[in-house]
There are 2 protein chains.
Amino acid sequence: MAANRRPTLADVAREVGVSAKTVSRVLNEDGPASARTREQVLAAVAKLGFQPNLMARNIRVGGPDSSIGLVIPDLGNPFFGAVAGGIEDTVRDRGLTLVMGSSADDPDRERALTDKFLARRISILLVVPSVGADHSHLKAHRAAGLPVVFVDRPGAGLATDSVVSSNRAGAQDGVAHLIAHGHRRIGFVGDLPTRLYTRRERLAGYRAALQEAGLPQDRSLITNAHDQHGASAATSQLLGLEDPPTALFAGNNIVALGIVTELARSRRKDVAVVAFDDVALAEALEPALTVVAQNPEGIGRTAAATALARLDGDRSRGRTVTVPTRLIVRGSGERPAPVPQRV
Amino acid sequence: MAANRRPTLADVAREVGVSAKTVSRVLNEDGPASARTREQVLAAVAKLGFQPNLMARNIRVGGPDSSIGLVIPDLGNPFFGAVAGGIEDTVRDRGLTLVMGSSADDPDRERALTDKFLARRISILLVVPSVGADHSHLKAHRAAGLPVVFVDRPGAGLATDSVVSSNRAGAQDGVAHLIAHGHRRIGFVGDLPTRLYTRRERLAGYRAALQEAGLPQDRSLITNAHDQHGASAATSQLLGLEDPPTALFAGNNIVALGIVTELARSRRKDVAVVAFDDVALAEALEPALTVVAQNPEGIGRTAAATALARLDGDRSRGRTVTVPTRLIVRGSGERPAPVPQRV
DNA sequence: GTGAAAGCGCTAACAT
DNA sequence: ATGTTAGCGCTTTCAC
């Protein structure tokens with residue numbers, strides 16, 4: 001009943017009557033081996049169901065493990081799922097295995113994960129850094145040749161590569177679209193915590209658009225939400241203001257869900273919306289949801305490619321690569337603004 | 001510059017002036033150690049930035065690696081993302097690291113991934129099996145104590161645990177809901193390939209509902225799609241039939257996106273829809289989308305818990321756990337069916 | 001073309 | 001409370 005030891009190189013060697021090294025040679029197509037030996041070895045491998053122990057191999061070879069570590073905030077968020085997909089697509093040919101974990105945007109969990117990954121001797125580390133996380137402990141690893149790339153947000157305490165969306169410009173485009181359709185009071189519902197990089201950048205884009213149009217900055221129009229439910233609450237709060245906004249800008253995909261759901265619930269068809277990050281079914285809404293689409297697969301691919309280049313010896317200075325966003329006009333940004341009431 | 005060797009136990013030992021074993025003892029809280037020694041060791045560890053090599057440790061200890069392998073079809077599909085999240089939540093306390101890969105539902109890629117995972121000596125293997133994949137090669141590992149659990153679909157060639165949704169009953173509920181609202185011609189848009197377990201089960205549920213109601217089975221009402229775009233095409237094809245359906249049943253979340261998008265595009269508000277698996281923004285559609293909700297986190301948690309129980313010595317027979325689905329009525333199933341035309 | 005010995009970084013088992 | 005030896009499964013080095 002079970003628990004028999006897994007076969008080792010030595011077992012295979014014994015079965016065939018050769019040395020362990022010979023088996024190793026055959027399997028790794030290292031040195032020469034007679035056709036007959038090869039055949040016998042392969043047969044024994046199949047018979048015993050031998051699978052080389054990668055850990056033992058790596059120990060001896062000394063190099064890093066053939067794995068790539070990825071820390072994301074939330075496995076269930078389709079944005080990060082798509083990022084992970086882009087990463088996997090890019091590293092698959094190199095034979096790298098994806099080792100993942102979610103931090104829930106908690107610096108301690110992020111640290112625990114990265115430490116685990118480092119103990120595993122991953123050959124690349126990709127991190128969506130949590131707010132408040134410090135990465136100076138990675139300096140030595142980075143210096144020792146471990147590629148470290150920050151994804152979606154820049155990291156703190158470590159000079160290395162980052163890959164981010166064009167958050168500010170994208171948000172500015174989106175808000176400008178609303179302004180172009182006559183809106184003068186535009187609510188902003190952002191991520192939490194407010195220190196979050198993406199929240200700050202997108203808010204900056206929002207402000208830039210208002211300023212460009214000569215519109216006043218009204219702090220009461222700026223709210224935040226941690227999840228979909230919170231975004232719904234923020235929406236109804238904004239719409240309950242004495243002088244409510246006629247349009248809303250969603251700071252991310254989750255917030256967009258909350259806003260759109262709340263507008264549908266309260267049957268507010270008169271409120272224009274533009275969301276940062278595309279969401280499923282955006283086209284099927286009435287009106288269809290106008291978004292500033294990110295390119296999550298592109299972010300993942302770029303981050304992975306950057307890291308692979310480092311692995312291949314690229315010693316240039318750390319850079320920040322910006323993956324462009326794209327305004328997709330679908331209708332929700334064009335709900336007519338009410339004619340301003342001159343007093 | 002760079003590429004300096006990572007510090008080892010021996011380096012730390014040398015720094016302090018003790019033996020490697022002593023350092024090991026301190027770090028693993030194994031045998032005793034004087035307070036002074038412990039302090040010095042910890043200081044040296046911090047100073048050198050030492051991180052134990054987990055691979056080397058595992059080699060020596062001999063047990064499996066503290067990782068859990070997961071193969072899913074697609075990292076970008078929120079359903080599987082949520083499943084992965086449930087798994088991670090469940091194994092986190094046990095200190096297991098998630099090693100993931102996507103198979104694209106290709107048996108060869110699935111096999112390549114599982115082989116890699118096995119070479120890594122993962123301590124648990126969770127697989128969403130691809131159509132056509134055979135898993136008899138896992139028998140020896142299973143027998144040797146490796147927990148193997150199939151997720152979302154049963155596997156072939158290996159008697160072990162599976163965790164699936166109540167596909168048949170759920171689909172039957174969903175279709176019965178449509179029938180209850182007067183629909184007699186209900187289109188089915190399922191997954192591809194048609195041999196896919198979930199596709200077959202959900203179709204069986206669909207058929208059972210028709211039969212129960214004494215409705216005819218019309219093969220022309222059964223279509224399939226591989227992706228969202230294909231589902232849109234299938235939708236317009238169904239609606240273009242001479243005697244078109246008045247309601248549609250979506251076989252999964254991706255198909256649902258395609259159906260709903262196509263109905264919105266063609267402004268067909270008169271077609272009722274029920275989808276298997278919930279989707280974001282379902283509530284915000286007009287009418288809101290009625291779904292047979294799955295519980296992906298629950299599936300992930302159940303699969304992980306089952307595997308952990310095996311790891312803890314559960315030697316009972318392999319079982320199939322069914323995670324219940326739940327009909328969430330939101331409106332789209334209640335669009336009135338046209339009054340039947342008596343000839 | 002093949003094998004023997006040494007060693008990767010760590011810990012189990014037995015010292016002391 | 002600490003050190004020594006041996007060995008995990010594999011590959012490197014050097015020998016034949």
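Letters A, B, ... mirror the listed sequences (proteins, then strands); counts begin at 1. Just so it is clear, the structure is predicted and the values come from calculations on it, not from any experiment. We use all heavy atoms of the structure for the numbers below, so side chains are in, but hydrogens, waters and symmetry mates are not.
Here D:dA1 presents its C1' atom at 16 Å from CD of B:E39, a figure rounded to the nearest Å. Computed from coordinates, the A:R121 CZ to C:dC8 C1' distance equals 12 Å when rounded to whole Å. For the pair B:N58 CG and D:dC8 C1', the computed distance is 11 Å after rounding to whole Å. Atom-to-atom, NZ of B:K21 to C1' of D:dT2 comes out at 11 Å; the value is rounded to the nearest Å. Regarding B:R36, its CZ atom lies at a distance of 15 Å from the P atom of D:dA1, rounded to whole Å. Separating the CG atom of A:N28 from the C1' atom of D:dC10 is a distance of 9 Å, rounded to the nearest angstrom. Here the C1' atom of nucleotide C:dC8 and the CE atom of A:M55 are 14 Å apart, to the nearest Å. Following rounding to the nearest Å, B:R57 (CZ) and D:dG9 (P) show an atom-to-atom distance of 16 Å.
Judged by distance alone, with hydrogens and angles left aside, the side-chain atoms of A:R153 form a donor-acceptor pair with the main-chain N or O of A:P129 at under 3.5 Å. Proximity of a side-chain donor or acceptor of B:S24 to a complementary backbone N or O of B:A20 within less than 3.5 Å is not detected. A:E297 contributes no side-chain N or O that, together with a main-chain N or O of A:V83, makes up a donor-acceptor pair within less than 3.5 Å. A donor-acceptor pair under 3.5 Å is formed between the side chain of A:T160 and the backbone N or O of A:V148.
Closest approach of B:S66 to A:R120, counting heavy atoms only: OG-NH2, 3.0 Å.
When the local axes at the two ends of the helix from C:dG1-D:dC16 to C:dT16-D:dA1 are compared, using 5 base pairs at each end, they differ in direction by 40° after rounding to 10°.
Distances shown here put every side-chain N or O of A:S24 at or beyond 4.0 Å from the OP1 or OP2 atom of D:dC10. For C:dG3, the OP1/OP2 oxygens have a side-chain nitrogen or oxygen of A:T22 closer than 4.0 Å. Dashed line: the shortest gap from a side-chain N or O of A:S34 to OP1 or OP2 of C:dT2 is under 4.0 Å.
Considering only residues two or more places apart in sequence or on other chains, B:D74 meets the salt bridge (charged side-chain N to carboxylate O under 4.0 Å, His left out) condition with none of them. Checked against ring-ring contact (aromatic ring centres under 6.0 Å, His included), B:F80 has no partners two or more places apart in sequence or in another chain.
Distance from the side chain of B:I59 is smallest to D:dG9 among D:dT4, D:dC10, D:dG9. Taking only side-chain atoms of A:T37, from C-beta outward, the nucleotide of C:dG3, C:dG1, D:dC10 with the closest atom is C:dG1. Each of D:dT11, C:dG9, C:dA4 was ranked by its minimum atom distance to the side chain of B:N53; first place goes to C:dG9.
Taking CE from B:M100 and CD1 from B:I87, the interatomic distance works out to 7.5 Å, rounded to the nearest 0.5 Å.
With DNA chain D read from its 5' end, the first of the two nearest nucleotides for B:R38 and B:G62 is the one closest to B:R38.
Note on B:T8: only backbone sugar-phosphate atoms sit closer than 4.0 angstrom, heavy atoms only; bases stay farther off.
Counting distance only, with no hydrogens placed and no angle test, the side-chain atoms of B:R25 and the base atoms of D:dG3 include a donor-acceptor pair under 3.5 Å. A donor-acceptor contact under 3.5 Å is formed by the side chain of B:R60 with the base of D:dG7.
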